[in-house]
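Remember, it's 1-based here, ligands and their atoms both numbered in the order they're listed. Computation of the quantities below employed the complete heavy-atom set of this structure, encompassing side-chain atoms and omitting hydrogens, waters and symmetry-equivalent molecules.
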Amino acid sequence: MLPFESFSYPFFDLNTSADHRALVSAHLATPGSPIPGDHTRGLRALYVHIPFCDSLCTFCPFVKSVGTPERITSYLRALHIELQTLGATPRMQAWEIDSVYIGGGTPSVLTTEQIAALMAAIRANFRLAADAEISFEFEVKSVSPEKFAALAELGITRVSFGVQSFDPTIREMVHITATLDQVYNAIGWAGEHFANTNLDMMVGFPGQDHAHARRDARLAAESGIASVSTYPVDYVMTLPGWQDRIRSGELPRPAALDERSRMFHEARQALLESMGEQNMYCFGPSDAPATRYMFSTLYGGYRDEAVGVGAGAYSFIRGLAWMNDADERLYAKTSGSGLLPITQSSPYHAYEKGLVFFPKRLTFDMRDLDVLGLGDVYADRIEGIVTAGHAELVGDTLRLTEPGKLVYSELMAHFFADPQQRLYQRIVNRLSQQVGVIDDHEWQAGADRVAAMGASNALPGASSRTRGKRLPLVGTPR
Ligand SMILES: C[S@@+](CC[C@H](N)C(=O)[O-])C[C@H]1O[C@@H](n2cnc3c(N)ncnc32)[C@H](O)[C@@H]1O
Ligand code: SF4
């Protein structure tokens, strides 16, 4: 596993001083054109960010804070204006939305009336497909049987929440304040209204060992939830305050990366004993589709596109990717005045994106290589991983093998386009300097494994540390 794998792709080049708002406005002013010769329709998603939680978990790097009723009201006013401004653009007028993801933060801290008004604003400004998946993230302290009934009534189709661990010691250590009784109650209530329910787990917490990880996975599988997502704790993208407490010895030092990688794969195996494998992180009924927003769009191919609204939201539409202001109050001020609240943008031409995320999705349609003009560029890299036994070809499908699953994140880096290699390296160099809880040899070992997959694509190690200011992480990784 690589020390830093929760990235969005392509990486932003932050060394630009362009007029980002003007670039985005121009991009949205045309309906867009299809990829020449490509007749496959990509998926389109709308992401809506609610940056408020009722309590904060120490590991969580997402844009969030504990809001007051006044701040939530003024944020929602700005969000409605952004939905209107964006929805009125020619590009959005031409879109049909396949999935909506209302995430955070914790959208369930909103009142039922606020959620109803938000859903009405989404439907008034965007055209949703008849079978659109509408996901809603919740946290167990802010739900009730009545609230789930109202969410179902509003047309929400999937609800998801984070348990992270069933171990009371770990939960307390990371400041998760909900009790396990509240967790089980919420699973029961959610199941009464939704077939598609999901809970998130994390593997590799400080002090966690293999037995913990397996037990946690089993408890998740037996909890009555329809699907379980399990993620390795990402110590790179996590909050600096938490890293400091680990560095200072206040918290136990987490197991080494290789050890955590083994724990993650043991947790996966434990889930597979009773659930089907939907992708690298998600387990559930084999016939049920995994999150359309997450695994078909965010981790999808170049033809899949998403637009994000709210503080820190990330958008990628072929040609251009951009980010909204991550400061919730500045966001509210800018958006409230009718301007698009954009602070960063970057050219976005990543035909190889489907290959980069293929190891997370487990399969790749080889017919896309020629349609997207990648055949010559990637033939050697694909042959290399097939020869090494990391993938196999079954008809037109490239499929990750069991040995390939053990190095899935290195395989993602193997498919980076060369300019993206350099940007990734720059990010890793800066992050390695500021993180400190990842040892130099862990960065180097990951880089060596990528290099071993094909010399043309070698990532230099990050041991020559550079000083740098904290780099904002791109997007909403999950
Ligand atoms: C942004 S949270 C929103 C869910 C909701 N607020 C909750 O906590 O129930 C989405 C998921 O991201 C994952 N996550 C957060 N911080 C992470 C980290 N440092 N490394 C890996 N996954 C993380 C957790 O599994 C979490 O449930
Ligand atoms: S994991 Fe969820 S509840 Fe915890 S701080 Fe992050 S967004 Fe908030």
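- Taking the six-membered ring for Trp and thresholds of 30 and 60 degrees, Tyr75 and Tyr331 have ring planes inclined between 30 and 60 degrees apart.
- Heavy-atom proximity to Thr238, at under 4.0 Å, picks out these atoms of ligand 1: 19 (N).
- Within the 4.0 Å heavy-atom cutoff, Phe138 counts among the residues contacting ligand 1.
- Lys360 and Tyr408 form no side-chain donor-acceptor contact under 3.5 Å, judged by distance and modelled atom types alone.
- Arg71 and Ser65 are linked by a side-chain donor-acceptor pair at a separation below 3.5 angstrom, with hydrogens and angles left out of the test.
- Checked by atom type and distance alone, the side chain of Asp216 pairs as donor or acceptor with a backbone atom of Phe166 at under 3.5 Å.
- Taking any N or O of Asp234, backbone or side chain, at least one lies under 3.5 Å from an N or O belonging to ligand 1.
- For ligand 1, the polar-atom distance check against Pro61 finds no nitrogen or oxygen pair separated by under 3.5 Å.
- Close approach of ligand 1 to Gly162 is summarised as follows: ligand atoms under 4.0 Å from at least one heavy atom of the residue are 7 (C), 9 (O), 27 (O).
- Side-chain contact between Arg361 and Met280: absent, with no pair of heavy atoms (C-beta onward) separated by less than 4.5 Å.
- Of all the heavy atoms of Cys53, none lies under 4.0 Å from any atom of ligand 1, so neither backbone nor side chain is involved.
- Distances shorter than 2.8 Å separate atom 6 (Fe) of ligand 2 from the protein N/O/S atoms Cys60 SG.
- Remark: ligand 1 atoms within the under-4.0 Å shell around heavy atoms of Thr106 are 6 (N).
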Between Thr230 and Met202, does a side-chain contact (heavy atoms from CB on, under 4.5 Å) hold up when you go through it step by step?
CA-CA 5 Å; Thr230 190; Met202 291 166 65; over 6 Å; no
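- Surrounding NZ of Lys405 are more than 12 heavy atoms belonging to other residues, nucleotides or ligands, all under 6.0 Å away.
- Other residues, nucleotides and ligands contribute over 12 non-hydrogen atoms within 6.0 Å of the CD atom of Gln182.
- Atoms of ligand 1 lying under 4.0 Å from any heavy atom of Glu137, numbered from 1 in the order shown and given with element: 3 (C), 4 (C), 10 (C).
- By the 6.0 Å contact criterion, CZ on Arg215 is open, its count of non-hydrogen atoms from other residues, nucleotides or ligands being 12 or less.
- Against a heavy-atom cut-off of under 4.0 Å, Phe161 is close to the following atoms of ligand 1: 9 (O).
- Proximity of Ser160 to ligand 1 is not established, as no heavy-atom distance is less than 4.0 Å.
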Tell me, with the steps shown, if Arg158 and Ser160 meet side-chain contact (heavy atoms from CB on, under 4.5 Å).
CA-CA 7 Å; Arg158 176 183 179 275; Ser160 172; 3.7 Å; yes
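- Annotation: cation-pi pair Lys353/Phe316 present, NZ/CZ under 6.0 Å from the ring centroid and within 45° of its normal.
- For the residue pair Tyr302 / Glu352, no side-chain donor-acceptor distance below 3.5 Å is found, with atom types taken as modelled.
- Not a single heavy atom of Cys57 lies less than 4.0 angstrom from ligand 1.
- Under the 30°/60° scheme for interplanar angles, the aromatic rings of Phe161 and Phe138 are found to lie parallel.
- Between Gln164 and ligand 1, an N or O atom pair is found at a separation short of 3.5 Å.
- Residue-to-ligand polar distances keep Met237 apart from ligand 1: every N/O pair is separated by 3.5 Å or more.
- The shortest N/O to N/O separation between Asp200 and ligand 1 falls below 3.5 Å.
- An N or O contact shorter than 3.5 Å is missing between Met202 and ligand 1 by distance.
- No side-chain N or O of Glu153 forms a donor-acceptor pair with one of His193 less than 3.5 Å apart.
- The distance from ligand 1 to the heavy atoms of Gly105 drops below 4.0 Å at these ligand atoms: 3 (C), 5 (C), 6 (N).
- Residue Phe59 has at least one nitrogen or oxygen atom sitting less than 3.5 Å from a nitrogen or oxygen atom of ligand 1, judged on distance alone.
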